[in-house]
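Take a look at the structure below.
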Amino acid sequence: MTSPRTTYSDSHLGTSTRTRSEPPRLRTLTGRVGANAVGAALGLRRASTRYSVHRVKVPMRDGIHLVADHYWPATSAPAGTLLVRGPYGRGLPMSLVFARLYAARGYHVVLQSVRGTFGSAGEFEPMVNEAADGADTVEWLRRQSWFTGHFATIGVSYLGFTQWALLQDPPPELAAAVITAGPHDLRASVWGTGSFAINDFLGWSDVVAHQEDPIRIRTGIRQLTAARRLARAAAELPMGESARTMLGTGAPWFESWVEHADHADPFWDRMRFPAALDRVQVPVLLVGGWQDIFLRQTLQQYQRLRQRGVDVALTVGPWTHVQLLTKGLAISARETLEWLDTHLGEAPQPRRPSPVRIFVTGHGWHYRPHWPPPTTEHSIYLQPGGGLGETPPEPGASPTTFRYHPENPTPTTGGPLLSPNGGYRDDGRLAAREDVLSFTGAALPRDLYVHGNPVIELAHTSDNPNVDVFVRVSEVDAKGHSRNVSDGYQRFGDTPETVRIELDPIAHRFTAGSRIRVLIAGSWFPRYARNLGTPEPALTSQTMKPATHSVHFGPSRLVLPVDPSADSVADPGGDLT
Ligand code: BEZ
């Protein structure tokens with residue numbers, strides 16, 4: 001093996017847009033010192049080696065080259081190799097979180113910019129080229145004199161998607177993966193409810209379209225004004241025109257995502273890798289957040305891998321998508337390193353006491369052998385007058401109604417959202433809105449642990465067949481403060497008589513003395529594009545028609561998966577962060 005050079009060897013490429021005034025050697029040194037401090041603050045094992053950083057160009061089958069930074073540990077016994085592929089550049093925070101922390105602990109790391117981003121040639125078409133480009137990068141890896149023979153993949157979100165793309169045809173050298181909030185199916189997240197998830201996917205397109213703007217201050221202003229600009233673009237009609245005004249000439253893919261609503265449309269085939277869940281054999285650690293936009297896919301991945309007998313572990317914390325890189329970073333970095341040391345490096349034995357580690361909101365961390373635990377169905381019926389009860393109300397009560405008007409949609413208040421406004425929030429004001437039905441139960445006599453997906457079943461009619469139904473379960477504490485627990489959303493094109501919506505999965509303790517609340521509305525905007533009340537195409541439609549929703553009493557109920565054994569489960573982790 002050749003010995004590593006000690007400088008940051010990017011000068012011959014001239015592609016870097018970062019800190020040009022700083023000398024290369026100093027940049028490496030400051031990066032290393034900073035990363036060591038961060039590693040210690042995160043509670044990682046001590047850094048064990050120095051490393052150098054080298055710019056490399058990786059050839060693809062169509063003749064173009066993708067740029068990567070190779071972090072080369074200065075040790076004769078490297079722990080292994082990590083491959084990280086993403087569209088967000090190779091500077092901070094990616095360089096720190098997915099490269100330096102591991103290079104300083106003995107891993108070779110290849111941090112690559114995907115096609116069409118940050119100096120890599122070609123055009124960036126989100127998700128579309130990752131299977132082929134990932135495979136070509138592994139082919140290059142095999143030919144490197146320093147390659148340790150086995151590698152693992154790590155990364156969050158898009159950097160998780162690139163891992164699923166590679167796992168569609170797993171290379172024999174792949175030894176392990178750590179996939180944090182990484183979707184394997186873009187369509188499921190964009191159109192899964194039947195309504196276009198405009199906040200997340202217009203917002204993401206805007207960020208990616210402008211992230212390489214050389215005028216940093218403009219990028220900063222864009223980030224600061226993102227929520228306001230997004231709300232305006234989502235509200236104006238026709239939506240296609242207002243979105244394009246926001247995006248400018250960037251993100252040319254955006255309209256095509258909105259135009260392809262049908263889940264069976266082959267348009268999405270290049271952006272989804274469900275077969276990877278059937279093919280992966282190596283140990284996989286999945287990390288997610290209860291308020292993450294990709295949580296349902298993370299849990300689906302876990303279920304499928306576990307069903308197949310793959311060595312899979314799961315950690316879910318009380319985090320949103322963006323918090324996975326802030327509040328959730330210490331836990332995810334520690335667990336990632338432990339997983340790599342166990343399955344790629346030379347850790348004497350696995351340190352993880354149990355495959356599943358989940359944060360029970362309202363309680364704390366629990367280890368579990370698997371997820372979800374066995375539960376029993378607990379039905380709670382909607383009552384006339386806004387109550388909730390354990391039995392259906394007497395027959396004969398008139399339905400309760402609300403009027404939804406697309407001119408004034410119900411505003412998104414916390415919950416899973418790709419924005420700093422997401423997550424757990426005080427949502428008390430929603431219950432007072434005229435376009436929201438609110439049902440609140442009596443104070444709970446004892447703690448109630450709900451583990452899994454709540455389900456709402458509504459006997460529902462509407463005077464307009466084109467409706468959306470949003471449902472939220474909240475917890476109202478003894479002081480009357482209401483906070484979100486789980487959300488569900490579904491679009492209907494032909495009003496069914498029974499609406500059945502599976503809400504977001506949770507691990508939650510409703511505390512004795514608190515009350516369960518169910519909120520029902522006709523929109524949740526701008527997380528989802530509001531239903532304009534007609535079947536017209538989302539990009540061009542300008543006509544708005546309101547809808548009066550009626551919810552009938554009797555069969556209408558919330559079904560909670562209750563874990564009767566939860567309060568007896570010990571918490572061996574003891575770590576409540
Ligand atoms: C992300 O990498 O955070 C992301 C990727 C695609 C859509 C939304 C978010």
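As the structure lists them, so they are numbered: ligands from 1, and atoms in each ligand from 1. For the single chain, residues carry numbers from 1 onward in sequence order.
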Check: Near ligand 1, which residues have a heavy atom under 4.0 Å away from one of its atoms?
Finding: Tyr88, Met127, Ser157, Tyr158, Phe201, Trp204, Phe294, His321, Leu418
Item checked: Parallel, tilted or perpendicular: rings of Trp319 and Trp365 (30°, 60°) -> tilted
Margin query: Does the plane of the ring in Tyr71 sit parallel, tilted or perpendicular to the ring in Tyr51? Use 30° and 60° as the thresholds.
Written below: tilted
Next item on the list: Kindly state each residue pair satisfying side chain to side chain donor-acceptor pair (under 3.5 Å) with at least one member in residues 231-250, sequence neighbours excluded.
Entry: Arg244-Glu255
Note to self: Please determine whether side-chain hydrogen bond (donor to acceptor under 3.5 Å, both in side chains) holds for the pair Thr315 and Arg352, giving the CA-CA distance in whole Å, both sets of side-chain angles, and the decisive distance to 0.1 Å.
What the structure shows: CA-CA 11 Å; Thr315 294; Arg352 197 181 174 95; 2.8 Å; yes
Check: What heavy-atom pair brings Ser205 and Phe254 nearest, and what distance separates the two atoms?
Finding: OG-CD1, 4.0 Å
Next item on the list: Return the orientation label for the Trp204 and Tyr88 ring planes: parallel under 30°, perpendicular over 60°, tilted otherwise.
Entry: perpendicular
